[in-house]
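Heads up: numbering here begins at 1 and tracks the sequence.
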Amino acid sequence: MPDALRYLSGFGNTLSSEAEPDTLPRRQNTPQHAALGLFTEQLNGTGFTVRRSENQRVWLYRLRPQILDRGWRRRDGGRLVGQFHNGIPSPEVMRFRPVPLPETPTDFLAGLTTFAGAGDPSTRRGAAIHLYAASADMTDAAFANIDGDLLVAPQHGALLVRTELGRLHVAPGEILIIPRGIRFQVLLPDGPSRGFVSELFDGHFQLPERGPIGANGMADERHFLAPVADYEDITTPWTIIVKQGGLLWEQTADHSPFDVVAWQGTYAPFKYDLRNFNSMGSVSFDHPDPSILTVLTCPMDDHGRNAVDVGVFIGRWDPTEHTFRPPYFHRNSAIEFNAVISSPATSGPWQPGAFSWTPYLTPHGVSSRGHAGELDRTDGVPSRGSDEAIWLQFESTYPLKVMPWMIDHDSRDGDYLRQFSGWQTGVLVR
Ligand code: FE2
């Protein structure tokens, strides 16, 4: 299904939208009588008193309040977890084939599997990476992640995501940011869908500083799209599910939570097409550090360590001279999770849906074949990465632990390490 929805644009902007005329108060936020008898609600994603430049909140004008006269029940979260005591802090690099699409009806929430995590959402420190594979719509159900912001990257099959602020169509090659607390429902307009999810327990995703690059380049605020208000007035039972402290909870509401007629503020879901990223790079010599390809980040502190960085590798020129152009061999003071969103048919095992894992400070780099090919390359001729390739990378300063069910997963590629043998060395041959 093509994306025929309307959007507002501008990451971090104060946006406003109303689905019915004159339902958004113009001069104040909490009038005694809201238009049409709507209920007024503020959802704040930051503490009231944080710096104004970091303050995020949204005012919602809705048909019914969300507070209910009934309690919450525990719900089985399966392999979606927020506690990582059982995680494996292994130094092993790993590659995985695409996970299979579900053969039985499985909605987005049921199809989430935690890959790795660190920290604890109850202390607001840490991050997690999840996989999802879904084959069914969420029916009369909405989910909100209280534990952290979610960044969802479909790799196969689009998502139609209904949120309290409106609907977004998210296709492979796009990413969706859903701030914590915002209720949403995932529908599958193209059939089964599979993809990757980054979860952030503290702070919010933000655009990285550009530093000496200047005022332009990398991801542009205007390419981030937020939904327009779009409500429904449905009074049949709905299941409201939240993840709080790593546990799933549910309650039954007597109406749809997607009843927001108007809203205004900065706290909104956004989608972004990764193909809009303006890649920066070296035009003289040496391979730049991958941080130059950061789309979004979340600082962990104020001296450059990040809880999560989201990077993208898409088609671009590499003109560097007398330079080893593939990624240099390295050990990184961050974990790396690489996911292939799309790739040319010649990519071997790096097929769409494949993903790899590199732990904290584990040696890694190009394969021995790639190394030999690079040594044979004619210098001085620019090379062009394929526009068919979209690689997404999650990096985290937190040393995430891999969940045990991923260590033994059927999709784990047992041949991965073989590519790192047979090095063509000439060292000390005299
Ligand atoms: Fe790396």
Exercise for the section: Could you pull out all residues at least two apart from Asp289 that satisfy salt bridge (charged side-chain N to carboxylate O under 4.0 Å, His left out)? Expected result: none
Let me check something: any side-chain donor-acceptor pairs from residues 343-356 under 3.5 Å, sequence neighbours excluded? List them with distances.
unit_1, atom_1, unit_2, atom_2, d
Ser343, OG, Trp350, O, 2.9
Ser347, OG, Pro344, O, 2.8
Gln351, NE2, Gly348, O, 2.7

Extract all donor-acceptor atom pairs below 3.5 Å that involve side chains of residues 402-411 and protein atoms in other chains or at least two apart in sequence.
unit_1, atom_1, unit_2, atom_2, d
Trp405, NE1, Thr114, O, 2.9
His409, ND1, Ser411, N, 3.0

Handout entry: Contacts of Thr23 that satisfy side-chain contact (heavy atoms from CB on, under 4.5 Å) - sequence neighbours left out
Key = Glu18, Glu20, Ala35, Leu36, Leu38, Val261, Ala262
Problem - Criterion side chain to side chain donor-acceptor pair (under 3.5 Å) against Glu164, the qualifying member of Arg62, Arg183, Gln66 - result: Arg62
Practice task
Kindly write out the residues that satisfy side-chain contact (heavy atoms from CB on, under 4.5 Å) with His303, not counting sequence neighbours, or none if the list is empty.
Solution key: Asp301, Arg305
Under 3.5 Å, sequence neighbours excluded: what are the donor-acceptor pairs made by side chains of residues 205-217?
unit_1, atom_1, unit_2, atom_2, d
Arg210, NE, Gly217, O, 2.8
Arg210, NH1, Ala215, O, 3.1
Arg210, NH2, Gly217, O, 3.4
Arg210, NH2, Ala219, O, 3.3

Problem - Donor on one side chain, acceptor on other, Ser193 and Tyr132, under 3.5 Å - result: yes
Practice task
Using a strict cut-off of less than 4.0 Å between a Lys/Arg side-chain nitrogen and an Asp/Glu carboxylate oxygen, indicate whether Arg124 and Asp147 qualify as a salt bridge.
Solution key: no
Fill in the blank from the handout: The salt bridge (charged side-chain N to carboxylate O under 4.0 Å, His left out) partners of Asp309 (sequence neighbours excluded) come to none
Handout entry: Test applied, side-chain contact (heavy atoms from CB on, under 4.5 Å); reference residue, Glu199; option that passes from Val152, Ile129, Asp149, Leu150
Key = Leu150
Handout entry: Ion pair check, Asp233 and Arg64, cut-off under 4.0 Å
Key = yes
Exercise for the section: Please identify each residue that fulfils side-chain contact (heavy atoms from CB on, under 4.5 Å) with Asp120, with sequence neighbours left out. Expected result: Gln83, Ser122, Thr123
Fill in the blank from the handout: Residue pairs passing the salt bridge (Lys or Arg N to Asp or Glu O under 4.0 Å) test with at least one member in residues 267-276, sequence neighbours excluded, are Asp3-Lys271, Glu174-Lys271, Asp273-Arg275
Practice task
Assess whether atom CZ of Arg51 is packed by more than 12 heavy atoms of other residues, nucleotides or ligands within 6.0 Å.
Solution key: no
Problem - side-chain contact (heavy atoms from CB on, under 4.5 Å) involving Arg52 - partner list, sequence neighbours excluded - result: none
Using distance only, find each side-chain donor-acceptor pair of residues 101-113 under 3.5 Å and give its atom names and separation, not counting sequence neighbours.
unit_1, atom_1, unit_2, atom_2, d
Thr106, OG1, Thr104, O, 2.8
Asp107, OD1, Leu109, N, 3.2
Asp107, OD1, Ala110, N, 2.8

Handout entry: Partner residues of Asp220 under the salt bridge (charged side-chain N to carboxylate O under 4.0 Å, His left out) criterion, sequence neighbours left out
Key = Arg222
Problem - Stepwise ring-ring contact (aromatic ring centres under 6.0 Å, His included) check, Trp357 with Phe96 - result: CA-CA 9 Å; Trp357 168 255; Phe96 295 81; 9.1 Å; no
Exercise for the section: Step through the shown structure and confirm whether more than 12 heavy atoms of other residues, nucleotides or ligands are within 6.0 Å of CZ on Arg331. Expected result: no
